[in-house]
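Counting convention: from 1, in listed order, for ligands and their atoms alike. Numbers for residues simply follow the sequence, beginning at 1.
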Amino acid sequence: MTTVPTSIAPASRPDGWWRSAVVYQIYPRSFQDSNGDGIGDLPGITSRLDYLAELGVDVLWLSPVYRSPQVDNGYDISDYQDVDPLFGTLDDLDELLAEAHRRGLAVVMDLVVNHTSDQHPWFVESRDPASPKRDWYYWRQARPGHLPGTPGAEPDGSHAAFAPSAWTFDPASGEYYLGIFSPGQPDLNWENPEVRRAVHDMMRWWVARGVDGFRMDVINLISKPAQLTSGKPLEAAASGFEAIANGPRLDEFLAEMNREVGLDALHLLTVGEMPGSTLEVAQRVTDPERHELTMVFTFEHMDLDGAPGNKWSLVPLQLPRLKQNLALWQDGLADTGWNSLYFDNHDQPRAVSRFGDDSPEHRVASAKTLATVLHLHRGTPYVYQGEELGMTNAPLTAIDQYLDVESLNYHALATAGGLSEGDVLASLAAKSRDHARTPVQWDDGAHAGFTTGTPWCAVNPNHTTINAEAARHDPASVFAHFQRLIRLRHENEVVREGRFRLLLPEHDRLWAFTRTLADQVLLVVANCWSEPTEIPIDELPLLDGAALVLGTHDEGSPTVLAPWESRILLLP
Ligand code: GLC
Ligand code: CA
């Protein structure tokens, strides 16, 4: 195989550098505590940079560390240009940036600008109807014929993601404001050019500080439907993001931001989180000629084990739907645009528990095979903290063990709406965001080495066997497999750029595909099942004479894959 070494030099950031990068997401609150208060912090992250360099990733994405009342763990920001004391200081952040850059690691900040916190000075000022900032948010009158502030008087029946209503009554002015996540997260009015300028200024300030890009929180929600922006409530009650996502001015706002901040000119990595967006939107937004974003996070593959618009209504995942969906995006962005690749993040249950098999017998193999499949797609892979260890969902069985605002709101509404406690707990056990937020398991000691104090969120008891210390010294660990996958991408252009083709699309256990660049062809075959599976040789004639590049198991049968075994093969 041709070996094209790549190295990321954040200082120079060559054009398109993010195409060969692997990104590691840090959820700071749960990564590493340095001062014993039980909450992860910036000095904690800095102390673990050597571990991340050892893993081999190129970029760190930090979930929000800005000043915040922490209604949604930092996704409710009250000061964009300061660090919350929970996490440290701006000096700590500068230190982290410098130490990361010294190791060749780029740093991407979370950018949460669809909404602010209700404690942000902009919103505090906006509460006064006479203030010039009134129009920076969406303020509306009560529904005609209703007494403001009484039940049912909300301007329309839209639900918030983490609260019963998207409208919150403000007694001082007698009006309601829009917060499509929670009352603590009022939506900014992007129609107002002053809002956009303020966001651009803030972004330039971060770029000057040395950050290498932005992960843009729910960025396809910034342009709201015409009905709302024309001064009225929403036409139809909105629930789920489809009703408000991808508004008419989205491309305009993104292109303007790119131009004003110099995102492409400075070769920054920009990834837009886009719930409710389609391939068509992604094709547009990531078309390099349009200068909007370098890549987006789709949700389509995350929505296949839930009912449409309701992730809590569980639907068994069918492998063909998952692999066909990823293939659709591979094909759709093959010629223009770029994919981001993820199975795990801070909003999703752990992939090994969700798509793999987290039983002691199959956890390691299934974590490796899920990684093999994902990292051999074309795009920029994202590793979420702990994924490289095969960390699992937490054993949560009662509502008082849940901490997340979304979990608690769902429990309250669903039980009030008549669902049984058992059904609600079953949905939470499958889908709660709490699973991703348990502290990183560093070692088998007290609190897994995450803190010397009391952790803000209980450590998963399985840290006695699943932890970084054990994994780093075990060549057969999930961690070691991630290292190999990352190296394979760095060293082989066919992994980065090769054309993707899905094979056996209807097979319900095997995930098979090729990657082709000039005369090089890689074949990936993965058994996504907890029993041995025969490879249908007549449907995969390619296999003949292929050489193993990387596998999850020691030499096995040429025609049968062990449970959760996967192989990356080079065709002759
Ligand atoms: C994004 C974040 C999520 C947050 C929400 C509101 O989906 O990833 O954690 O709750 O936006 O900011
Ligand atoms: Ca701390």
| said: Please work out, at 4.0 Å between heavy atoms, whether the side chain, the backbone, both, or neither of M216 comes within that distance of ligand 1. | reply: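 The answer is neither.
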| message | Under 6.0 Å from the ring centre and within 45 degrees of the ring axis: does the NZ or CZ of R249 meet both conditions for the six-membered ring of W190? | response |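 No, a cation-pi geometry is absent between R249 and W190.
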For [X], atoms of ligand 1 separated by under 4.0 Å from a heavy atom:
X    : result
F162 : 10 (O)
H115 : 6 (C), 12 (O)
R433 : 3 (C), 4 (C), 9 (O), 10 (O)
H346 : 2 (C), 3 (C), 8 (O), 9 (O)

| request: Please confirm whether M274 comes under 4.0 Å of ligand 1, counting heavy atoms of the residue only. | output: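 Under 4.0 Å: no for M274.
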| field | Any E406 heavy atom less than 4.0 Å from ligand 1 | value |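 It does not, in that no heavy atom of E406 comes within the 4.0 Å cut-off of ligand 1.
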Quiz question: by atom type and distance under 3.5 Å, do the side chains of [X] and [Y] form a donor-acceptor pair?
X    : Y    : answer
W136 : S131 : no
N258 : D264 : yes
S407 : D434 : yes
Y75  : S68  : no

Is the closest side-chain heavy-atom distance between [X] and [Y] below 4.5 Å?
X    : Y    : answer
E175 : R134 : yes
V261 : E256 : no
F253 : I219 : no

Can you report which non-hydrogen protein atom sits closest to [atom], along with the distance?
atom                   : result
atom 5 (C) of ligand 1 : F181 CE2, 3.8 Å
atom 4 (C) of ligand 1 : D72 OD2, 3.2 Å
atom 7 (O) of ligand 1 : E273 OE2, 2.8 Å
atom 1 (C) of ligand 1 : D217 OD1, 2.8 Å
atom 9 (O) of ligand 1 : D347 OD1, 2.7 Å

| task | Test V107 against every option in I26, D212, L93, V59 by the side chain to side chain contact (heavy atoms under 4.5 Å, CB included) rule and name the one that passes. | result |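 Filter result, single survivor: D212.
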| query | Should the heavy atoms of other residues, nucleotides or ligands under 6.0 Å from CZ of R19 be counted, would the total exceed 12? | reply |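 Check passes, neighbour count above 12.
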| Note: D84-R29 ion pair, threshold 4.0 Å (strictly below) |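 The answer is no: the pair does not qualify as a salt bridge.
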| said: Which residue in the set Y342, F297, F343 passes ring-ring contact (aromatic ring centres under 6.0 Å, His included) when paired with Y382? | reply: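 It is F297; the other options fail the test.
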| request: Have a look around the Ca ion (ligand 2) and list protein N/O/S atoms under 3.0 Å, or say none. | output: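 The answer, once waters are left aside, is D33 OD1, N35 OD1, D37 OD1, I39 O, D41 OD2.
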